[in-house]
2 protein chains.
Amino acid sequence: EKLVVRSVTEDRDQAKINVSGVPDRPGIAADIFEALSDKNICVDMIIQSSAKSSPESGTPVNDISFTVKRSELNRARKILGAVRKKMRLRDILVKENIAKVSIVGSGMKTHSGVAARLFRVLAKNKINIEMISTSEIKISCVIDEKNTAKAVKVIAKEFKL
Amino acid sequence: EKLVVRSVTEDRDQAKINVSGVPDRPGIAADIFEALSDKNICVDMIIQSSAKSSPESGTPVNDISFTVKRSELNRARKILGAVRKKMRLRDILVKENIAKVSIVGSGMKTHSGVAARLFRVLAKNKINIEMISTSEIKISCVIDEKNTAKAVKVIAKEFKL
Ligand SMILES: C[C@@H](O)[C@H](N)C(=O)O
Ligand SMILES: C[C@@H](O)[C@H](N)C(=O)O
């Protein structure tokens, strides 16, 4: 498949929530996202990487990060706060001033250098990548909102958009 | 937008690699994925959730997980092993026997209960979710390969596919 990167997009109407140290067993992700969907909170990105063992107890724990519309952040935070004890959620961290920048295209799965080029151009411009999520047609990076305009500019230049 | 979940897909030709405890500063993601793309390793999912501070030093560290074709796992592992000291990669964990199961559809972003339903049906069937990644048209879960057939069956039933 030929590689074509068609556009760079930005979304500043995002806020991120990171629930860390959850027990890595069936039912935890369902509990968290049912608590949110029961109150009609729409979630944008959901990101969970691999488990690690808890430094204290040795049992496997994991982190789940997700993003919501900025206007929903406080409501989402309250909902998780209310179920925190029941679900044994250790830490709930939020950050409001983030943005999601993405490149959209096709053939990205079969071309190994595309993600590396995106990460490199952000690194050269001293922009830290806070979250990463990929699909067949899109690579998304969550960055600090203050870097949004610069990120979009240097990505557009790198991929000749 | 109307919610339509069209299909459930499985991909057993996956292996996951988790690089944990990397310094959370610009350039680290670029270094890792350049090392892989220089040797033509194609990466499927890349997942990085939010940073935490390192228990020892207090400086921010992060984990980056990604999946490759199973046939590429050993080559990818060797490449990371070779750059490990230079990049200060603390732990490199791999798991070969995984599978990615996904639901594909439209309108999932604006319907908050879809992800929760997927996670709940896996939980009811005692299937642990090892990684999660979402896009506008897809929600993917990495699970243990031994649960693939059961997962696909119960997901298809839940979403009437
Ligand atoms: C951490 C969480 O995803 C857990 N593994 C679950 O299956 O619900
Ligand atoms: C951890 C890694 O993603 C780092 N934040 C970077 O920007 O490269």
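Naming: A, B, ... by sequence-line order, numbering from 1 per chain.
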Assigning hydrophobic clusters by single linkage (Ile, Leu, Val, Met, Phe, Trp, Tyr; side-chain heavy-atom cutoff under 4.5 Å), is B:V104 placed with B:I155? no

Say whether A:M45 and A:I17 are linked into one hydrophobic cluster, either directly or through other cluster members, by side-chain heavy-atom distances under 4.5 angstrom. no

When hydrophobic residues are tied together by side-chain contacts of less than 4.5 Å, even through go-betweens, does A:V8 share a cluster with A:V5? yes

Below 4.5 Å from any heavy atom of chain A, which atoms of B:I127 appear? Answer side chain, backbone, both or neither. backbone

Please say yes or no: joined through hydrophobic side-chain contacts below 4.5 Å, possibly via intermediate residues, are B:I47 and A:I28 part of one cluster? no

Quick one: which of A:C42, A:A51, A:G113 has the most heavy-atom pairs under 4.5 Å with chain B, could you say? A:C42

Scan the chain B/chain A interface and emit each donor-acceptor pair under 3.5 angstrom with its distance.
from: B:K16; atom 1: NZ; to: A:S50; atom 2: OG; distance (Å): 3.1
from: B:D24; atom 1: OD2; to: A:N128; atom 2: ND2; distance (Å): 3.3
from: B:D31; atom 1: OD1; to: A:R120; atom 2: NH2; distance (Å): 2.8
from: B:E34; atom 1: OE1; to: A:R120; atom 2: NE; distance (Å): 3.4
from: B:E34; atom 1: OE1; to: A:R120; atom 2: NH2; distance (Å): 2.8
from: B:E34; atom 1: OE2; to: A:R120; atom 2: NE; distance (Å): 2.7
from: B:D44; atom 1: O; to: A:K109; atom 2: NZ; distance (Å): 3.2
from: B:I46; atom 1: N; to: A:T134; atom 2: OG1; distance (Å): 2.9
from: B:Q48; atom 1: N; to: A:I132; atom 2: O; distance (Å): 3.1
from: B:Q48; atom 1: O; to: A:I132; atom 2: N; distance (Å): 3.0
from: B:Q48; atom 1: NE2; to: A:I129; atom 2: O; distance (Å): 3.0
from: B:Q48; atom 1: NE2; to: A:E130; atom 2: O; distance (Å): 3.2
from: B:S50; atom 1: N; to: A:S65; atom 2: OG; distance (Å): 3.2
from: B:S50; atom 1: OG; to: A:K16; atom 2: NZ; distance (Å): 3.2
from: B:K52; atom 1: NZ; to: A:D63; atom 2: OD2; distance (Å): 3.0
from: B:D63; atom 1: OD2; to: A:K52; atom 2: NZ; distance (Å): 2.9
from: B:S65; atom 1: OG; to: A:S50; atom 2: N; distance (Å): 3.2
from: B:K109; atom 1: NZ; to: A:D44; atom 2: O; distance (Å): 3.2
from: B:R120; atom 1: NE; to: A:E34; atom 2: OE1; distance (Å): 3.4
from: B:R120; atom 1: NE; to: A:E34; atom 2: OE2; distance (Å): 2.8
from: B:R120; atom 1: NH2; to: A:D31; atom 2: OD1; distance (Å): 2.7
from: B:R120; atom 1: NH2; to: A:E34; atom 2: OE1; distance (Å): 2.8
from: B:N128; atom 1: ND2; to: A:D24; atom 2: OD2; distance (Å): 3.4
from: B:I129; atom 1: O; to: A:Q48; atom 2: NE2; distance (Å): 3.0
from: B:E130; atom 1: O; to: A:Q48; atom 2: NE2; distance (Å): 3.2
from: B:I132; atom 1: N; to: A:Q48; atom 2: O; distance (Å): 3.0
from: B:I132; atom 1: O; to: A:Q48; atom 2: N; distance (Å): 3.1
from: B:T134; atom 1: OG1; to: A:I46; atom 2: N; distance (Å): 2.9
from: B:E136; atom 1: OE1; to: A:K138; atom 2: NZ; distance (Å): 3.3
from: B:E136; atom 1: OE2; to: A:K138; atom 2: NZ; distance (Å): 2.9
from: B:K138; atom 1: NZ; to: A:E136; atom 2: OE1; distance (Å): 3.3
from: B:K138; atom 1: NZ; to: A:E136; atom 2: OE2; distance (Å): 2.9

Hydrophobic cluster membership, with links at side-chain heavy-atom distances under 4.5 Å among I/L/V/M/F/W/Y: are B:V101 and B:I137 in one? no

B:F119: what forms a ring-ring contact (aromatic ring centres under 6.0 Å, His included) with it, not counting sequence neighbours? A:F33

Chain A: which of B:I41, B:I64, B:V43, B:I139 shares the most heavy-atom pairs with it under 4.5 Å? B:I41

Most contact-rich option vs chain B, by heavy-atom pairs under 4.5 angstrom, among A:L118, A:V121, A:I129, is A:I129

